[in-house]
Amino acid sequence: MKSLPREFYYSNTLQLAKNLLGMKIVRVSNDKILSGIISETEAYRASDDPASHAYKKMSNRNKPMFGEVGFAYVYFTYGMHFCFNVVGRSKNYKAGAVLIRSIIPVDGIDQMIKNRKINDLKNISNGPAKLTQALKISKEDNGVDLVNNSKLFITNGVTPEKITSSPRIGISVATEKKWNFKMIC
DNA sequence: GAGTAGATACTCT
DNA sequence: GAGTATCTACTCA
C-alpha cells in the first residue's frame with residue numbers, strides 16, 4: 001500500500017475533489033488499520049470562493065490551506081466537531097483544499113464502531129464529523145503530511161462509476177457553485 | 001421517513 | 001461576543 005505522490009495534489013482543486021472520489025484513506029491507530037473509500041467531497045478555494053476559510057486572509061487556523069499540497073487541514077467547528085480536508089491546488093492558486101464529507105468503511109470496522117460508540121454501520125462515517133471520529137482524526141492531525149506518513153495517508157482505491165455534482169452543504173454564500181461531488185458505485 | 005432544537009468550544013472581530 | 005464547512009435525539013406522521 002503506497003500513498004499517492006505529491007504531484008497528485010498539484011491539480012485544480014475542483015478536479016482534485018473529483019479525483020479523490022474512490023481513493024482510500026488509511027489510518028493506523030494502535031497498530032490497527034482503519035480505512036475507507038472516499039465517497040463524497042467538496043472543493044474550497046481562495047479569494048474567488050467566498051465560502052472558503054481562505055477567502056479573506058491567512059490566519060493561524062487556515063494556514064495549512066496556503067501551505068504545501070498533500071497536507072491535512074483539520075479544523076474544529078460547532079463546538080464539538082472536526083472536519084478533515086486535504087490541501088491541493090494548481091500552482092497559480094494561493095490556497096485550496098478538498099473537504100472529505102463521507103467515506104465507506106473498509107478495514108477496521110470494529111474499531112470504528114468503538115470510536116463512534118454506535119452500532120449503525122450506515123451512520124458510521126457518512127458525514128464530515130462522523131468520519132473524523134471513526135478514524136480518530138483530531139486537531140493533532142492538523143498540518144500533517146499525507147505523502148510521507150505511515151499513520152495517515154491516502155492510497156488508490158476504486159474507480160467511480162459515476163460522479164454527480166451539487167451545491168455545497170451548510171454554507172450561506174456561493175451556493176451557485178456546484179462544488180460538492182458524490183460518487184456512485 | 002422528515003423536520004426541528006440543542007449541545008458545545010474554538011476562532012476571529 | 002458572535003458566528004460556525006455538524007451530529008444526535010427527539011417529535012410527529
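Lettering of chains follows the sequences in order, A, B, ..., and the numbering in each one begins at 1.
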>> Under 6.0 Å between ring centres: does that hold for A:Phe8 and A:Tyr10?
In response: no
> For A:Ile171, which contact category applies under a 4.0 Å heavy-atom criterion: base, sugar-phosphate, or nothing?
Replying inline: sugar-phosphate
> Given the rule that a pair is Watson-Crick or G-U wobble with both distances under 3.5 Å, how would you write DNA chain B in dot-bracket, using | for pairs to a different strand?
Replying inline: |||||||.||||.
>> Run the side chain to side chain donor-acceptor pair (under 3.5 Å) test against A:Asn92 and tell me which residues pass, sequence neighbours left out.
In response: A:Ser90
> A:Lys56 has an atom NZ; how far is it from atom P of B:dT11, in whole Å?
Replying inline: 17 Å
> Does A:Arg116 have any salt bridge (charged side-chain N to carboxylate O under 4.0 Å, His left out) partners at least two apart in sequence or in another chain, and if so, which?
Replying inline: none
> Can you check the A:Arg101 CZ to C:dA5 C1' distance for me, whole Å?
Replying inline: 7 Å
> Listed by chain and number, what are the salt bridge (charged side-chain N to carboxylate O under 4.0 Å, His left out) partners of A:Lys24, not counting sequence neighbours?
Replying inline: A:Asp107
> Who pairs with A:Ser102 by side chain to side chain donor-acceptor pair (under 3.5 Å), at least two apart in sequence or on another chain?
Replying inline: A:Ser39
>> According to salt bridge (charged side-chain N to carboxylate O under 4.0 Å, His left out), who are the partners of A:Arg61, at least two apart in sequence or on a separate chain?
In response: none
> Taking NZ, NE, NH1 and NH2 as the nitrogens, is one of them in A:Lys177 or A:Asp48 under 4.0 Å from a carboxylate oxygen of the other?
Replying inline: no
> When you measure from every atom of DNA chain C, which of residues 113-138 of chain A have a heavy atom less than 4.0 Å away?
Replying inline: A:Arg116, A:Gly127, A:Pro128, A:Ala129, A:Lys130
> To the nearest angstrom, how far is A:Asn60 atom CG from B:dT13 atom P?
Replying inline: 12 Å
>> Restricting to ring pair (Phe, Tyr, Trp, His ring centres under 6.0 Å), what partner residues turn up for A:Tyr93, sequence neighbours left out?
In response: none
> NA contact type, A:Arg168, heavy-atom cut-off 4.0 Å: base, sugar-phosphate, or nothing?
Replying inline: nothing
> Of all residues at least two apart in sequence or in a different chain, which pass the ring pair (Phe, Tyr, Trp, His ring centres under 6.0 Å) check with A:Phe76?
Replying inline: A:Phe82
> How close or far is atom P of C:dG3 from atom NE2 of A:His53, stated in whole angstroms?
Replying inline: 16 Å
>> Please enumerate all residues that pass salt bridge (charged side-chain N to carboxylate O under 4.0 Å, His left out) together with A:Asp110, with sequence neighbours excluded.
In response: none
For residues 161-168 of chain A, please give each side-chain donor-acceptor pair under 3.5 Å, one per line with the distance, not counting sequence neighbours.
residue	atom	partner	partner atom	Å
A:Ser166	OG	A:Asn180	OD1	3.2
A:Ser166	OG	A:Lys182	NZ	3.4
A:Arg168	NH1	A:Ala43	O	2.9
A:Arg168	NH1	A:Asp49	OD1	3.4
A:Arg168	NH1	A:Asp49	OD2	2.9
A:Arg168	NH2	A:Asp49	OD1	3.0

>> In this structure, how many angstroms lie between the C1' atom of B:dA9 and the CZ atom of A:Arg61, rounded?
In response: 12 Å
> What integer distance in Å separates A:Asn142:CG from C:dA5:P?
Replying inline: 16 Å
> Of the residues in residues 76-88 of chain A, which ones touch DNA chain B at a heavy-atom distance under 4.0 Å?
Replying inline: A:Phe76, A:Tyr78, A:Gly79, A:Met80
